[in-house]
Amino acid sequence: MAEAVAELGPVQLLAAARRAHGAAFGGPAVLAAWAPGRVNLIGEHTDYNGGFVLPMALQLGTVLVGSPTQDGTISILTTSAEADEPHRVQFLAPRQGSPLSPGQPRWANYVKGVIQHYRDDGDLAAKALACQKAEHTFAGMPCGIMDQFISVLGKEGHALLIDCRSLETILVPLTDASLAVLITNSNVRHTLTGSEYPTRRRQCEEAVAALGKTSLRDATMAELEAARSRLGEEVYRRARHVIGEIARTAQAAQALQDRDYRTFGRLMVESHNSLRDDYEVSCPELDELVAAALEVDGVYGSRMTGGGFGGCTVTLLEAGAAERAQHHIQEKYSGGATFYLTKPSGGAKVLPL
Ligand code: GLA
């Protein structure tokens with residue numbers, strides 16, 4: 001893997017968080033933890049369909065520090081590169097008979113949800129499922145399990161193939177020095193995201209019911225074709241994406257294992273086209289970034305990554321082409337892009353203080 005660009009890692013973030021804690025609460029933090037962000041290499045909108053995903057944890061992430069309080073209240077303060085001023089909120093700690101509930105400010109809802117649902121039982125899968133529940137019930141986002149799983153189970157030097165039906169995982173090595181993973185942030189986020197994601201989930205459920213299955217993981221392309229006239233055209237195309245993407249992700253994990261980057265890249269492009277045309281979660285900016293990346297010599301493949309309607313693309317390329325690719329993409333892109341060259345990193349952990 002190519003060297004990563006300098007980004008704030010856990011060490012720098014921890015120092016900043018400890019300073020912010022001291023300034024806001026007048027005493028030192030006594031515990032600290034780190035959780036990485038993720039990029040999904042392939043397997044999009046498959047997690048809530050019982051399919052495969054292939055994400056890796058990043059060196060970019062979130063640090064949390066804290067200290068106990070005695071007065072039955074919880075205060076949360078958040079700082080980020082985007083906000084000039086930290087945001088702060090205070091609420092009563094949950095007690096028996098008076099659980100926390102989501103409200104204003106909205107940014108605190110996910111944290112509140114984790115406080116409400118998380119119980120420290122040492123089981124990483126249970127921890128991820130509790131965080132997913134927080135996202136469903138407090139943040140109002142009916143997400144799958146990919147983000148939480150890779151965040152707790154990420155391993156340095158590896159992508160993680162997650163079977164979202166059995167919750168079994170397989171580590172796939174990704175340490176080849178001749179290879180790079182380039183993340184390109186479109187720096188756009190279309191407001192559609194909120195309403196379109198639940199709509200896609202509902203359409204998948206509709207297809208599952210019409211096919212008489214428990215999930216799209218169990219359906220074949222032949223079964224879908226046979227049922228085409230019974231499904232609306234849109235629901236048919238949504239299901240076609242999911243069934244195809246689940247197969248592509250299994251093939252891609254094998255190709256990565258075999259260091260067959262050409263096949264991996266081809267599957268990435270097929271994934272993007274399917275997300276654009278059948279699942280309709282791409283946007284002109286992401287399409288532009290992918291098209292520009294594919295013009296560069298040494299690029300194996302490129303695709304939108306994550307939920308869609310903005311956000312990032314992920315590009316697999318020869319390490320030697322990384323510089324060239326960034327210049328070319330920036331030159332062709334009508335907006336302003338941000339680039340991250342990153343290595344697969346470890347999962348969430350407690351940081352020593
Ligand atoms: C969002 C969700 C994930 C997953 C992706 C699409 O990131 O949080 O669970 O569904 O979209 O693959």
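Note that the numbering runs from 1 along the sequence shown for the chain. Both ligands and their constituent atoms are indexed starting at 1 by order of listing.
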I want to confirm something. Looking only at heavy atoms, which of R38, E44, Q132 is nearest to atom 6 (C) of ligand 1?
E44
Taking the six-membered ring for Trp, is the centroid-to-centroid distance between Y261 and Y300 below 6.0 Å?
yes
Atom CD of E223 with >12 non-hydrogen neighbours under 6.0 angstrom
yes
For the 3.5 Å polar cut-off, considering only N or O atoms, please tell me whether M146 and ligand 1 meet it.
no
Numbered atoms and elements of ligand 1 in range of Y48, under 4.0 angstrom, heavy atoms:
10 (O)
Considering only NZ, NE, NH1 and NH2 on the basic side and carboxylate oxygens on the acidic side, decide whether E280 and R237 come within less than 4.0 Å.
yes
Ring-face cation of R240 near Y279 (centre distance under 6.0 Å, axis angle within 45°):
no
Under the 4.5 Å side-chain heavy-atom rule for ILVMFWY, direct or indirect, which residues accompany F25?
L77
Where is the nearest protein heavy atom to atom 10 (O) of ligand 1: which residue, which atom, and how far?
Y197 OH, 2.6 Å
Residue and atom name of the nearest protein heavy atom (relative to atom 8 (O) of ligand 1), distance in Å to one decimal:
D147 OD2, 2.7 Å
For G307, take its heavy atoms, then give the atoms of ligand 1 lying under 4.0 Å from any of them.
7 (O), 11 (O)
Which atoms of ligand 1 have any heavy atom of G144 under 4.0 Å away?
9 (O)
Any N/O of D47 closer than 3.5 Å to an N/O of ligand 1?
yes
Please identify each residue that fulfils side-chain contact (heavy atoms from CB on, under 4.5 Å) with A17, with sequence neighbours left out.
V63, V65
Which atoms of ligand 1 have any heavy atom of C143 under 4.0 Å away?
2 (C), 8 (O), 9 (O)
Could you check whether E205 pairs with R202 (Lys NZ or Arg NE/NH1/NH2 to Asp/Glu carboxylate O, under 4.0 Å)?
no
